[in-house]
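Keep in mind the model is a prediction, meaning the values are calculated, not measured. Every chain is numbered from 1 and lettered A, B, ... according to where its sequence line falls, protein lines coming before strand lines. What's counted below: heavy atoms across the whole structure, side chains too, no hydrogens, waters or symmetry copies.
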Amino acid sequence: MAKTYEEINEKIRKGKAVVLTAEEVSEMARTMSPKEILGKVDVVTTATFGAMCSSGAFLNFGHANPPIRMERIELNGVPVSGGLAAVDTFVGATDCNVQNPTYGGAHVIEDLIAGKDVMLEAWGKGTECYPRKHIRTLISLKDINEAIMCNPRNAYQNYNVAVNTSDRLLHTYMGALLPNLRNASYSSAGELSPLLNDPECRTIGLGTRIFLCGAKGYVVWNGTQFNCSKPLNEHGVPMGNARTLALMGEMREMSTEFMRGAYFEKYGVTMYVGVGVPIPVLDEDMAARVSIRNSQIDTFIEDYGDGCKLIGQVNYEQLRSGEIEFMGRKIHTAPLSSLAKARQIADILKGWIQRGEFELTAPVRPMPTGTSLNGLEKRL
Amino acid sequence: MVKKVVVTFTAGSAGRSLTYELIKKYDIMLSIIKADIDAGRNGKLVLELDADEDHIRQAIEYMENCGVEVSPLENKIKYDNTRCISCGACTSSCLSGALSIQAPDWKVVFDPDKCIVCRHCVTACPLKLFSTDFAG
């Protein structure tokens with residue numbers, strides 16, 4: 001009864017594949033067994049649209065005449081990497097100019113994807129082969145060479161919920177945390193989230209074709225801070241921040257509908273990234289995995305007001321209700337990632353697969369197992 | 001009915017006790033939600049007026065005759081919802097409930113009638129889609 005990638009792709013090519021979103025299959029699982037789901041469903045689409053700081057883009061500007069070895073580079077006044085050959089750069093999503101902290105690398109990437117002109121200014125010391133020392137010009141995606149989004153850590157598998165027990169307002173990358181447990185901020189797309197539907201990465205690996213900000217992109221590596229050592233709940237879901245994905249895609253195929261530059265108050269710039277991952281229902285085990293529901297996804301409550309201690313546990317059904325009871329109080333809950341956008345992405349990916357425009361890829365190499373995280377030890 | 005308005009006055013018009021007149025003459029149950037008055041006595045008030053429709057209309061006419069500008073609150077809070085991604089970050093610190101996000105569609109909804117101009121949304125929105133005329 002198990003299916004292979006090739007059998008599923010053959011159905012996709014014939015327009016006969018049955019594709020559901022992860023929310024639809026979770027609903028179906030209320031009345032159907034994994035065996036029945038395996039018989040009915042071929043592919044499940046998952047998605048998320050959240051703030052992912054570890055994102056960026058490689059650009060190649062092309063050579064001017066006379067040429068310059070760009071050693072210090074600014075795009076719209078944002079300093080970006082000068083450490084890649086003569087006319088390559090990496091724009092980090094969180095790159096910013098301290099004089100203008102609300103506009104950063106993520107906004108440069110958004111402006112480029114929007115088709116806007118961006119001011120390039122670069123300096124070099126001048127060499128025998130690259131005599132020019134300075135250039136200031138406009139660039140856009142129409143006139144540069146490569147423009148490749150490359151995100152070292154996206155699509156976190158689960159994430160802690162942020163609260164604040166201290167008596168002062170905290171501005172964090174989890175948003176504004178009001179004093180004395182007045183609010184709780186959560187960021188995962190829950191039952192729709194990619195790595196919660198394939199928690200051990202049986203189908204997601206190097207080379208997995210995905211939706212990335214509107215383009216057809218790829219999983220290119222395990223993401224940084226890939227952590228397999230988080231405790232599992234009774235449904236096999238890792239609790240807290242666990243596995244991650246490194247992703248790449250062609251910027252010219254992307255849309256600002258599915259990526260945005262963002263600024264978190266008193267924290268800095270980050271990038272909202274839209275990711276959709278198709279999961280093949282290969283066997284009963286995968287059918288059971290994609291059936292996961294919000295009520296079965298637990299995560300830890302982390303106190304940003306007291307050294308990021310883990311002080312409780314909650315599930316996504318409770319978080320989505322708008323209020324949780326914790327430490328004898330009712331706490332207002334709110335998301336940080338857009339479920340509306342994530343659903344839109346899961347639907348688009350579903351459409352691509354149903355129309356035969358998107359086939360599934362078996363991993364070229366599986367994700368690592370047994371990894372854990374090192375802290376940074378201060379040795380001096 | 002309950003109506004929230006922003007009253008903008010200049011030094012010349014601030015001599016009278018507007019709030020006293022509103023209560024006394026027009027029988028308005030009045031709450032001052034926010035007051036932002038500078039040293040030269042120019043300022044803004046956010047008022048909640050609770051009375052029947054006629055009295056509220058007459059009260060607004062009275063204030064305008066006194067030389068103060070009266071605008072509905074929703075005209076003073078700008079929210080660029082065309083660029084909104086409905087992440088929900090603004091709803092987290094909006095304790096008045098003016099900004100909400102919930103099932104089934106999980107899109108951010110702004111109800112100006114509930115807004116108390118706390119301005120948390122102005123800083124909380126990662127896309128900077130909110131602005132008000134009020135000082136921080």
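By the ring pair (Phe, Tyr, Trp, His ring centres under 6.0 Å) test, Tyr103(A) pairs with His107(A), sequence neighbours left out.
Neither the backbone nor the side chain of Gln344(A) comes within less than 4.5 Å of any heavy atom of chain B. Heavy atoms closer than 4.5 Å to chain A are found nowhere in Cys90(B), neither backbone nor side chain. Both the backbone and the side chain of Arg320(A) come within contact range of chain B, judged by heavy atoms closer than 4.5 Å.
Within residues 172-181 of chain A, the residues that have a heavy atom under 4.5 Å from a heavy atom of chain B are Ala176(A), Leu178(A), listed by number.
The CG atom of Leu95(B) sits 4.5 Å away from atom CZ of Arg182(A), with the distance rounded to the nearest 0.5 Å. To the nearest 0.5 Å, atoms OG (Ser92(B)) and CG (Asn183(A)) are separated by 3.5 Å.
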Show me the side-chain donor-acceptor pairs of residues 259-268 of chain A shorter than 3.5 Å, one per line, residues at least two apart or across chains.
from	atom 1	to	atom 2	distance (Å)
Arg260(A)	NE	Thr256(A)	O	2.9
Arg260(A)	NH1	Arg83(B)	O	2.7
Tyr263(A)	OH	Lys266(A)	N	3.4

Just list the side-chain donor-acceptor pairs under 3.5 Å for residues 99-113 of chain B, sequence neighbours left out, or say none.
from	atom 1	to	atom 2	distance (Å)
Asp105(B)	OD1	Lys107(B)	N	3.4
Asp111(B)	OD1	Asp113(B)	N	3.1

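Side-chain atoms of Ser338(A) come within 3.5 Å of backbone N or O of Ile85(B) as a donor-acceptor pair. Listed for the His171(A) side chain is no donor-acceptor partner under 3.5 Å among the backbone atoms of Thr123(B).
Put simply, of Ala340(A), Gly322(A), Ala184(A), the one with the most heavy-atom pairs under 4.5 Å next to chain B is Ala340(A). Per-residue heavy-atom pair counts under 4.5 Å with chain B were compared for Ser187(A), Ala342(A), Pro335(A), and the maximum is reached by Pro335(A).
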